[in-house]
Amino acid sequence: MSAGSFYITTPIFYVNDVPHIGHAYTEVAADVLARWHRQSGDDAWLLTGTDEHGQKILRTAIANGVTPKEWADRLVETAWKPLLKTVNIANDDFIRTTDERHEVNAQKFLQHLHDAGHIYTGEYEGYYCVGCEEYKQTSDLVDGTGDYTGQPVCAIHSKPVELLHEKNYFFKMSAFADRLLALYEENPNFVQPEAARNEVMSFVKRGLSDLSISRSSFDWGIKVPWDESHVVYVWFDALLNYITAAGYGQNDDEFESRWPATHIVGKDILRFHAVIWPAMLMAAGIEVPKQVFGHGWLLVGGEKMSKSKLTGIAPSQITDTFGSDAFRYYFMRAISFGQDGSFSWEDLSARYQSELANGFGNLASRVIAMVVRYCDSVVPAAGAFTTDDLAIQATEKRVTEAAAAAIDKLAIHDALSTVWELVDELNGYITLQEPWALAKNPESRERLGTVLHTAVRGLGTLAVLLSPVLPVATGKLWTALGGDAALADQRVDRAWEWTGGAAVRALEPLFPRIESFVEPTDG
RNA sequence: GGGGCGGUAGCUCAGCUGGUUAGAGCAGCGGACUCAUAAUCCGUCGGUCCUGGGUUCAAGUCCCAGCCGCCCUACCA
């Protein structure tokens, strides 16, 4: 695999939302991919950030007696940046749509589209839902109940919609339907997984309408450069973060070296990324993204997680008990990336115990404890390898390669289950070789050394391979193994090549047993 | 209404272009071992592959119909 730019993005958080495990899930997936590529010699760059414009934010800010910028600042600092810490995201940049670099260059982009004739003036009248920040079709409305009886309300928010008509600027998106379809046809990987691609294609095949891209009823947004009485539609504004953060409009060299990006998005916002966004880029004469990957939803009790149903779970509820590594591992391992996945405390707790504590954590403990006890902490040199020893080495190589192939397809769950084959095989190897028995007999001293040497090497391979997912635990393990240089600098594509450090250091349990775990309850 | 995805052991899921007695992990049960976080290892129990038709020498895997769940999308009222 040749080294190159690997630019990966998460959606930017809408600051008014409350962080839940769904947000953290997207972040972790992108972070794991970024770390993996970074440790594969690529110039990996992970972008995340916040979406801060729009009427909804303006209204909450006013309701809270502050300016919208102050409101956004507060949420960024108290909710969103802390979320990244909670699940240990190593992002390279954090863009806010209120950053000057974004506002200025988003305007450049818009002006460019305008000059090139992709934008026209039109009249728009329709029912507008402030909650959705968009105009609704009548079919999206339902009859209100309770306080709103007799009025049409948004089917999603159950709140009254407003009948607005305004002069709008429109983006001639309809002109790009054919080019988009050609893109999906010629590059099947552009939208993935397959189910997502099908959805998008059938949507575009029905034809595209033009997109209203400005609002004049409020002013919390990016000003339309040729008509400052309008602000840019929030989605149009938000999507541009992916290029403004990469230097578009102000640093051509940087932009050239990073773009195009791989976008990781939830399937609910797939269409914005797989249809509108590439159309915008085509209009501007900019290369389309490398890929848009729509992952599934987290289901709690068989239903899409939601705040209104009290199934929304804050990431810290999990990390406070299990730690950030376990959070990352669980969601990456238990859910096929791209499909919906069910979350339950029982499953999380069971996997933590059996896979992290008993499987990987205990393996590390037993190997290091034996080197300390039988070899005075010195990693022994190997004698002649038996077929059993060579089989372990072969597995190290095999899983290293298979994991890389899985990551290449964004099959993070497959990569992890492949690596776990090495965990299981090493546990079996140790039980079979019985180093504790070898240690009792001076004549088997060399064999003992070879076995422990092999086990230490295997652990080192695991530390490297798992470092993108379990950065904290593998960092401790790497140190305990006497690994030289920083673990984050170890090449994951050559993980199996590591042949051991000089001496080990005692290691606390990587994933301590959680004796009594009480499932958090809401309210 | 049109379309997509799914319905496989108690639980969570694999099963690619159809091919011997349907797999994994966890949970359960039995045994071994003691280096380790009562951990690990071995063995074992366990399935009308949603239902009904059909194609085929052969279907969990293809076709048709239906039921259930979720999603995208349209529209009548």
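The chains referred to below are lettered A, B, ... by the order of the sequence lines, with proteins before strands, and numbering in each begins at 1. Here the structure is a predicted model, which is why all the values come from computation and not from measurement. Below, each value reflects all heavy atoms present in this structure, side chains not excepted, and no hydrogens, waters or symmetry copies.
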Notebook entry, point to check: Strictly by modelled atom types, are A:Y14 and A:H23 linked by a side-chain donor-acceptor pair under 3.5 Å?
Noted result: no

Notebook entry, point to check: Taking atom P of B:rU37 as reference, at what distance in whole Å does atom CZ of A:F322 sit?
Noted result: 20 Å

Margin query: Just N and O in the side chain of A:S336: are any of them under 4.0 Å from OP1 or OP2 of B:rU12?
Written below: no

Notebook entry, point to check: Paired with B:rC29: which nucleotide, if any, by Watson-Crick or G-U wobble criteria at under 3.5 Å for both distances?
Noted result: B:rG43

Notebook entry, point to check: Is the ring centre of A:H118 less than 6.0 Å from the ring centre of A:Y169?
Noted result: no

Note to self: In whole Å, I'd like the distance from the CZ atom of A:F511 to the P atom of B:rA38.
What the structure shows: 16 Å

Next item on the list: Could you state the atom-to-atom distance from CG of A:L356 to P of B:rC26 in whole Å?
Entry: 13 Å

Margin query: What's the gap between B:rG69 and B:rG28 when it is taken at their C1' atoms, as a whole Å value?
Written below: 29 Å

Next item on the list: Measure from CG on A:D424 to P on B:rG25 and round the result to the nearest Å.
Entry: 8 Å

Check: Taking the six-membered ring where the residue is Trp, are the ring centres of A:W420 and A:Y329 under 6.0 Å apart?
Finding: yes

Next item on the list: Determine the Euclidean distance between corresponding P atoms of B:rG10 and B:rU48; express it in Å to zero decimal places.
Entry: 8 Å

Margin query: Side chains of A:T10 and A:E27: any donor to acceptor distance under 3.5 Å?
Written below: yes

Margin query: Between B:rU8 and B:rG23, how far apart are the two C1' atoms, rounded to whole Å?
Written below: 10 Å

Check: When rounded to the nearest Å, what value does the distance between C1' atoms of B:rG15 and B:rG7 take?
Finding: 15 Å

Check: Can the ring centres of A:W478 and A:W498 be said to be less than 6.0 Å apart?
Finding: yes

Notebook entry, point to check: For B:rU21, which nucleotide is its Watson-Crick or G-U wobble mate, given both distances must be under 3.5 Å?
Noted result: none

Next item on the list: For B:rA65, give its Watson-Crick or G-U wobble partner with both distances under 3.5 Å, or none.
Entry: B:rU51

Check: What integer number of Å spans the P atoms of B:rC63 and B:rG6?
Finding: 12 Å

Check: A:W436 has a side chain; which of B:rU37, B:rC41, B:rU34 sits nearest to it?
Finding: B:rU34

Checklist line | Touch class at under 4.0 angstrom, heavy-atom based, for A:S365 against every strand present | finding: base

Notebook entry, point to check: Given B:rU40, is OP1 or OP2 found less than 4.0 Å from the side-chain N or O atoms of A:N358?
Noted result: yes

Check: So what does A:E508 touch, heavy atoms closer than 4.0 Å: a base, only the sugar-phosphate, or nothing?
Finding: nothing

Check: What nucleotide among B:rC41, B:rC72, B:rC5 has an atom nearest to a side-chain atom of A:E199?
Finding: B:rC72

Margin query: Please report the distance, rounded to the nearest Å, between CG in A:D340 and C1' in B:rG4.
Written below: 13 Å

Notebook entry, point to check: A:N198 near the nucleic acid: base, sugar-phosphate alone, or nothing, with a heavy-atom cut-off under 4.0 Å?
Noted result: sugar-phosphate

Next item on the list: Choose from B:rU40, B:rC13, B:rG4 the nucleotide whose nearest atom is closest to any side-chain atom of A:S342.
Entry: B:rC13

Item checked: Residue mapping more 5' on RNA chain B - nearest nucleotide basis, A:E194 or A:A369 -> A:E194

Note to self: Once you apply a heavy-atom cut-off of 4.0 Å, does A:G428 come out as touching a base, just sugar-phosphate, or nothing?
What the structure shows: sugar-phosphate

Check: Counting side-chain heavy atoms from CB outward, which of B:rU40, B:rC26, B:rG4 is closest to A:A195?
Finding: B:rG4

Margin query: Whole angstroms only, please: what is the CZ-C1' distance between A:F343 and B:rU12?
Written below: 14 Å

Check: Under 3.5 Å, is there a donor-acceptor pair between the A:Y429 and A:D389 side chains?
Finding: yes

Next item on the list: Please determine, for B:rC75, whether a Watson-Crick or G-U wobble partner exists with both distances under 3.5 Å, and give it or none.
Entry: none

Check: If you look at every heavy atom in A:Y352 and A:P512, which pair is closest and at what distance?
Finding: OH-O, 2.9 Å

Check: Closer than 4.0 Å, any side-chain N/O of A:Q339 to the OP1 or OP2 of B:rA14?
Finding: yes

Notebook entry, point to check: Rounding to a whole Å, what distance do you find between A:I335:CD1 and B:rU12:P?
Noted result: 13 Å

Next item on the list: With heavy atoms under 4.0 Å as the rule, sort A:A357 into base, sugar-phosphate or nothing.
Entry: base

Next item on the list: Among the candidates B:rG2, B:rU37, B:rC5, find the nucleotide nearest to the side-chain atoms of A:L510.
Entry: B:rU37

Check: Between B:rC72, B:rU37, B:rC35, which nucleotide gets closest to the side-chain atoms of A:M370?
Finding: B:rC35

Margin query: Are A:F322 and A:Y330 an aromatic pair, judged by ring center distance below 6.0 Å?
Written below: no

Margin query: Between B:rG54 and B:rG60, how far apart are the two P atoms, rounded to whole Å?
Written below: 15 Å

Checklist line | Pairwise 5' ranking along RNA chain B for A:Y429 and A:A196, keeping only the more 5' one | finding: A:A196

Checklist line | Interatomic distance at C1', B:rU56 relative to B:rU61, whole Å | finding: 13 Å

Margin query: I'd like the P distance from B:rU12 over to B:rC76, given in whole Å.
Written below: 41 Å

Note to self: Heavy atoms from C-beta onward define the side chain here; which of B:rC26, B:rU37, B:rG3 lies closest to that of A:A350?
What the structure shows: B:rC26

Check: Side chain of A:S354: nearest nucleotide among B:rG3, B:rC35, B:rC26?
Finding: B:rC26

Item checked: Spacing of A:L507 atom CG relative to B:rC35 atom P, expressed in whole Å -> 19 Å

